[in-house]
Amino acid sequence: MPAPRVLYWFRTDLRLHDSPALAAALALHPSVLYPIWCWDSHYVYHARVGPNRWQFLLGCLEDVSRSLTILNPSSKLLVLREPAVTLLPKLFKAWGITHLVFEKDTDSYAKERDGKVMESARQAGVEVVVGPQSRTLWDSEEVVKANGGKPTMSITQLQAAGKKVGPIARPIDAPKSLPGPGETGLGGIEQTRPVVEEGVGDINAKYRSSDEASYSSGIAGPDGTFSVPTLEELGMKPATTHIRGGESVILARLSQILSNDEEWAATFEKPKTSPAAFEPQSTFLTSPYLHFGALSARYFYHRVEDIVEKRRAEKKAVSTPPVSLTGQLLFRDMYFAAQSAIGYPFGQTYNNAHFDIKTGLVTGGYEVDSAVKEQEFIRWREGRTGFPWIDAIMRQLKLEGWIHHLARHAVACFLTRGGCYISWERGAEVFEEWLVDHEAACNIGNWQWLSCTAFYSMFYRCYSPVAFGKKWDDNGDYIRKYVPELKDMPKKYIYEPHKAPLKDQREAGVMIKGDGSEADSDGIPLYPKPMFDFPTQRDICLAGMKNAYKVGLHGDHPKVLDGTWKELFPDEAEGPTEGRVGGPGGMTTFEDADGDEGHHEEPVAATPKRSGRQSKASRAPESAKKGGHKREHSQGTLDGAFVKKAKS
DNA sequence: CTGTCGTTGGGTCC
DNA sequence: GGACCCAACGACAG
């Protein structure tokens with residue numbers, strides 16, 4: 001039997017250390033090994049990916065390529081500018097491939113894609129080896145099985161299930177040698193240009209100079225060498241973050257931190273790390289590396305756990321899950337397993353058996369259909385809500401692609417159940433676009449958590465846009481950094497600048513005025529007034545949440561599926577009404593101290609209905625649409641039991 | 001049925 | 001800085 005000719009397909013495992021899938025490829029004793037990366041049109045067109053994450057990914061690709069070349073000068077990462085689904089069947093033939101090897105991926109989209117690729121491999125007589133899922137501590141499907149087939153909805157469930165699955169695999173070493181690739185001639189293969197999915201559209205077009213740029217240079221790239229592209233080749237606008245991708249970057253930093261300060265690593269408690277810290281931030285910032293597989297979760301886990309065990313033996317203090325460093329990895333596994341169990345509906349309320357409608361109420365569940373809400377959403381996204389703590393966080397996110405976990409809590413709570421009462425799905429999309437560490441399972445899961453849609457339900461625990469930030473950063477240094485127009489505002493007013501007397505505003509060189517759409521007025525920098533009165537809005541949210549919990553609708557309820565659910569929420573169905581208070585969506589009016597008008601500008605035109613939501617739902621496999629975990633709505637509160645007004 | 005717990009709240013009082 | 005209250009969810013153990 002001739003020696004195997006192996007295609008190793010890198011995806012979200014952009015590393016050489018602790019890669020069981022790569023080890024499986026090498027265990028075949030291949031005569032040639034083609035390390036490839038395929039330009040996935042889903043990532044280019046349909047997933048929301050801004051320049052910062054693109055740049056991070058490119059850094060990871062370059063790093064892997066360099067490491068491959070170190071192992072074998074004739075090897076490097078072959079970047080193929082075409083999606084795997086159309087390209088691989090052609091490559092199998094052109095390169096005489098006998099085996100395709102890749103790491104298992106339980107992400108909803110990845111499962112669908114890999115299924116298609118495996119089918120085409122079967123037809124081509126190519127053997128497929130799916131390596132163990134190693135971006136998590138345990139295999140997500142095994143965790144689900146151990147959890148009785150149900151999604152893991154709490155950290156205790158995850159821990160119990162993980163225990164049943166078994167010990168977390170010890171990391172394996174990077175390979176010491178590597179076969180080179182064979183002939184890389186494309187032998188007349190025609191590039192199949194990816195198609196923008198109808199109804200979904202090219203979400204990232206705004207970041208590219210040309211729709212055609214990404215695939216215009218053919219499969220092998222502009223110089224025909226399968227090079228890692230640049231942002232320019234992608235037609236992408238420049239990135240703004242200082243965060244750089246790459247396995248060697250994170251391994252070096254991890255070693256440095258873990259050996260320099262074992263105590264810190266062993267006693268780490270997430271809730272005690274400051275969301276307001278910058279340069280340096282208060283946490284490791286491993287998340288983007290974990291997402292792209294530049295850092296193995298298992299390697300990270302065991303490096304930390306070894307230190308913890310050592311200190312435990314020395315009778316020194318250590319922290320434990322869920323607050324410890326390893327606890328953070330457990331949460332990640334919890335979300336991966338939940339996503340794996342639920343599939344497509346995980347990313348939405350619609351058709352999701354596990355999630356209540358709740359914060360989707362006022363937004364129609366699937367789209368913002370109120371001009372006021374849309375305006376609030378835009379102001380939240382762009383960091384001009386008039387709440388400096390919220391605005392600083394959103395501006396850091398947009399600029400750097402990363403914010404602290406607790407900062408994510410603050411802005412997510414504010415947008416959903418603790419401020420605007422806008423659907424978590426809108427916020428999740430912004431994070432998806434801007435985060436360098438965006439991980440669908442974790443992002444969706446955390447948004448559901450913060451909006452009290454799933455995983456968490458104590459909606460009366462609400463973050464204040466003033467008090468929470470002050471707790472960490474009384475002087476407001478974080479705000480001064482990311483909202484520079486407030487940099488000279490006295491400490492007394494830094495979290496609530498609209499309360500500053502005109503004299504203080506003048507001395508601080510800023511005027512608190514308007515809605516943030518104007519940067520300055522006659523050369524004087526402007527910072528907006530709060531877009532609503534927070535305490536009033538918080539009460540409205542609490543009342544809405546109480547009502548929503550009482551009704552207890554789930555995403556797979558017939559009335560949700562057929563769109564008639566609004567009948568059950570008469571207050572919300574009417575939409576925002578001027579001056580109405582006591583129901584979610586009521587437009588609040590308030591006047592501030594100096595008697596100026598409040599936040600109401602002319603409402604912008606309502607945005608058109610977004611096609612993405614519905615088409616994503618309709619794209620879900622039939623099994624997912626019909627299956628799922630039907631839940632009894634036994635409370636008998638569907639008719640007329642909603643709460644019209646919260647007791648105050 | 002009751003009581004307790006849940007990674008990370010806020011405000012007041014001492 | 002800690003104790004306690006606020007108004008109160010759902011999961012789980014007993």
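Given the structure is predicted, the values throughout are model-derived calculations rather than measurements. All chains are named by letter (A, B, ...) in the order of the sequence lines, taking the proteins before the strands, and each is independently numbered beginning at 1.
Listed by chain and residue number, nothing satisfies the salt bridge (charged side-chain N to carboxylate O under 4.0 Å, His left out) test with A/Lys470 (two or more places apart in sequence, or in another chain).
Rounded to whole angstrom, the span from the CD atom of A/Gln157 across to the P atom of C/dA11 amounts to 9 Å. Atom CZ of A/Arg538 is separated from atom C1' of C/dA8 by 12 Å (rounded to the nearest Å). When the P atom of C/dC12 is taken as reference, atom CZ of A/Phe455 falls 13 Å away, rounded to whole Å. When rounded to the nearest whole Å, the span between CG of A/Leu158 and P of B/dT7 equals 11 Å. Counting to the nearest Å, the P atom of C/dA11 and the CE atom of A/Met458 are 12 Å from each other. Note: CD (A/Gln159) to P (C/dA11) measures 18 Å, nearest angstrom. Rounded to an integer number of Å, the gap from A/Tyr549 OH to C/dC9 P is 9 Å. Here B/dG6 presents its C1' atom at 13 Å from NE2 of A/His409, a figure rounded to the nearest Å.
Taking the P atoms as reference points, B/dC5 lies 23 Å from C/dA7, given to the whole Å. If you take atom C1' in B/dT4 and the same atom in C/dA8, they sit 14 Å apart, rounded to whole Å. Taking atom P on both C/dC4 and B/dT7, the two are 23 Å apart, rounded to the nearest angstrom.
If you check every strand for non-hydrogen atoms under 4.0 Å, A/Trp449 touches a base. Counting non-hydrogen atoms under 4.0 angstrom, A/Phe459 reaches the backbone sugars and phosphates but no base.
Geometrically, A/Arg395 does not engage A/Tyr482 in a cation-pi contact defined by less than 6.0 Å to the ring centre and at most 45° from the axis.
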Atom pairs, protein N/O to nucleotides 10-14 of chain B N/O, distance under 3.5 Å:
{"unit_1": "B/dG10", "atom_1": "OP1", "unit_2": "A/Ser464", "atom_2": "N", "d": "2.9"}
{"unit_1": "B/dG10", "atom_1": "OP1", "unit_2": "A/Phe468", "atom_2": "N", "d": "3.4"}

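Taking 4.0 angstrom as the limit, A/Lys546 places a side-chain polar atom (N or O) nearer than this to OP1 or OP2 of C/dA8.
If you check B/dT7, B/dT8, C/dA8 against the side chain of A/Pro322, the one that comes closest is B/dT7. You'll find that the side chain of A/Leu406 is closest to B/dT8, out of B/dT8, B/dG6, B/dT7.
The stacking criteria are not both satisfied for A/Tyr460 over the base of C/dC9, which would need a centre-to-centre distance under 5.5 angstrom and an angle between ring planes under 30 degrees.
The shortest distance between side-chain heavy atoms of A/Pro321 and A/Gln159 falls below 4.5 Å. A/Ile494 has its side chain out of reach of A/Asn475: every pair of non-hydrogen atoms, C-beta onward, lies at least 4.5 Å apart. Under the 4.5 Å side-chain criterion, counting only non-hydrogen atoms from C-beta, A/Thr152 is not in contact with A/Val144.
Across all strands shown, B/dT7 forms no Watson-Crick or G-U wobble pair with both key distances under 3.5 Å.
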For A/Glu262 and A/Arg311, what are the C-alpha separation, side-chain angles and deciding distance, and is it a salt bridge (charged side-chain N to carboxylate O under 4.0 Å, His left out)? CA-CA 9 Å; A/Glu262 293 197 342; A/Arg311 288 178 60 90; 5.7 Å; no
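The pair A/Glu142-A/Lys164 does not count as a salt bridge, with every side-chain nitrogen at least 4.0 angstrom from each carboxylate oxygen.
Taking the ring centroids of A/Phe346 and A/Phe336, they lie at or beyond the 6.0 Å cut-off.
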